[in-house]
Amino acid sequence: MPSDFYQRVYSVVREIPNGRVCSYGAIAKFLGAARSSRMVGFALKQSGVLDFLPAHRVLNRNGFLSGKHAFSPPELMAELLRAEGIAVANDQVLNFKELFWDPSENLNYREF
DNA sequence: ATGATGACTAACG
DNA sequence: GCGTTAGCCATCA
């Protein structure tokens, strides 16, 4: 039984538009737990059994695929991103800055 | 309850 | 600009 924190993480990640990416810190901040960025990644790792979750669109603040090793195979993460038109090279999203999607500016806060 | 862990970040040197 | 250190805090053993 996932905690509410997890549910909130999933709710935000699910709203990430196709072809866009986000960072752990941004999600954590939006959830009001700016210092719990690590927990965001932790939640995503456990999200495998839940509904579709674009976890591959969530990267660290540098745009690196920090969580690719959690996929099977790890290359799957980069492939999923490329499948959405996102350029990936050397485990990094090239135009991360342009593709960045900030939940605090594009998603209205609501009860999760 | 205590200590270790981690898909992170920011601050130092 | 890069490697190291230190905070952070929800889980888990």
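Residue numbers start from 1 in every chain, and the chains themselves are labelled A, B, ... in the order their sequence lines are given, proteins ahead of strands.
Contact between the side-chain N/O atoms of S66(A) and the OP1/OP2 oxygens of dC8(B) is found at a separation under 4.0 Å.
F71(A) comes within 4.0 angstrom of a nucleotide base, judged by non-hydrogen atoms across all strands.
Nearest-nucleotide positions on DNA chain C for R38(A) and F42(A) put R38(A) closer to the 5' end.
Here the side chain of A70(A) is nearest to one of dA7(B), dC9(C), dC8(B), namely dA7(B). Checking dC8(C), dA7(B), dT9(B) against every side-chain atom of R35(A), the shortest atom distance belongs to dC8(C).
Residues passing the side chain to side chain donor-acceptor pair (under 3.5 Å) test with N95(A): none are found, sequence neighbours excluded. Not counting sequence neighbours, the partners of E84(A) by the side chain to side chain donor-acceptor pair (under 3.5 Å) test are H56(A), R57(A). Residues satisfying the side chain to side chain donor-acceptor pair (under 3.5 Å) criterion with K68(A), sequence neighbours excluded, are D91(A). Under the rule for a side-chain contact (heavy atoms from CB on, under 4.5 Å), R38(A) has no partner lying at least two apart in sequence or in another chain.
Of the possible polar contacts, one joining the N60(A) side chain to the N62(A) backbone as a donor-acceptor pair under 3.5 Å is found.
Taking every heavy atom of residues 76-87 of chain A and every atom of DNA chain B, no pair lies under 4.0 Å. Annotation: proximity of residues 55-63 of chain A to DNA chain B (heavy atom, distance under 4.0 Å) is found for A55(A), V58(A), N60(A), R61(A), numbered in ascending order.
Summarising the geometry of M77(A) relative to A55(A), their closest heavy-atom pair is CE-O, 4.0 Å, with the distance given to 0.1 Å. Closest of all the heavy-atom pairs between W101(A) and C22(A) is O-SG, 3.3 Å.
Look at CZ on F5(A): it is 15 Å from P on dC8(C), rounded to the nearest Å. We find that CZ of R8(A) is positioned 11 Å from C1' of dA10(C), with the value rounded to whole Å. A straight line from CG of L31(A) to C1' of dC9(C) spans 13 Å, rounded to a whole angstrom. Following rounding to the nearest Å, I27(A) (CD1) and dT9(B) (C1') show an atom-to-atom distance of 15 Å. dA7(B) atom C1' lies 16 Å from atom CD of E75(A), rounded to whole Å.
If you take CG on L53(A) and OG on S11(A), they are separated by 9.5 Å, rounding to the nearest 0.5 Å.
The neighbour count for R35(A) CZ, taken as heavy atoms of other residues, nucleotides or ligands under 6.0 Å away, does not exceed 12.
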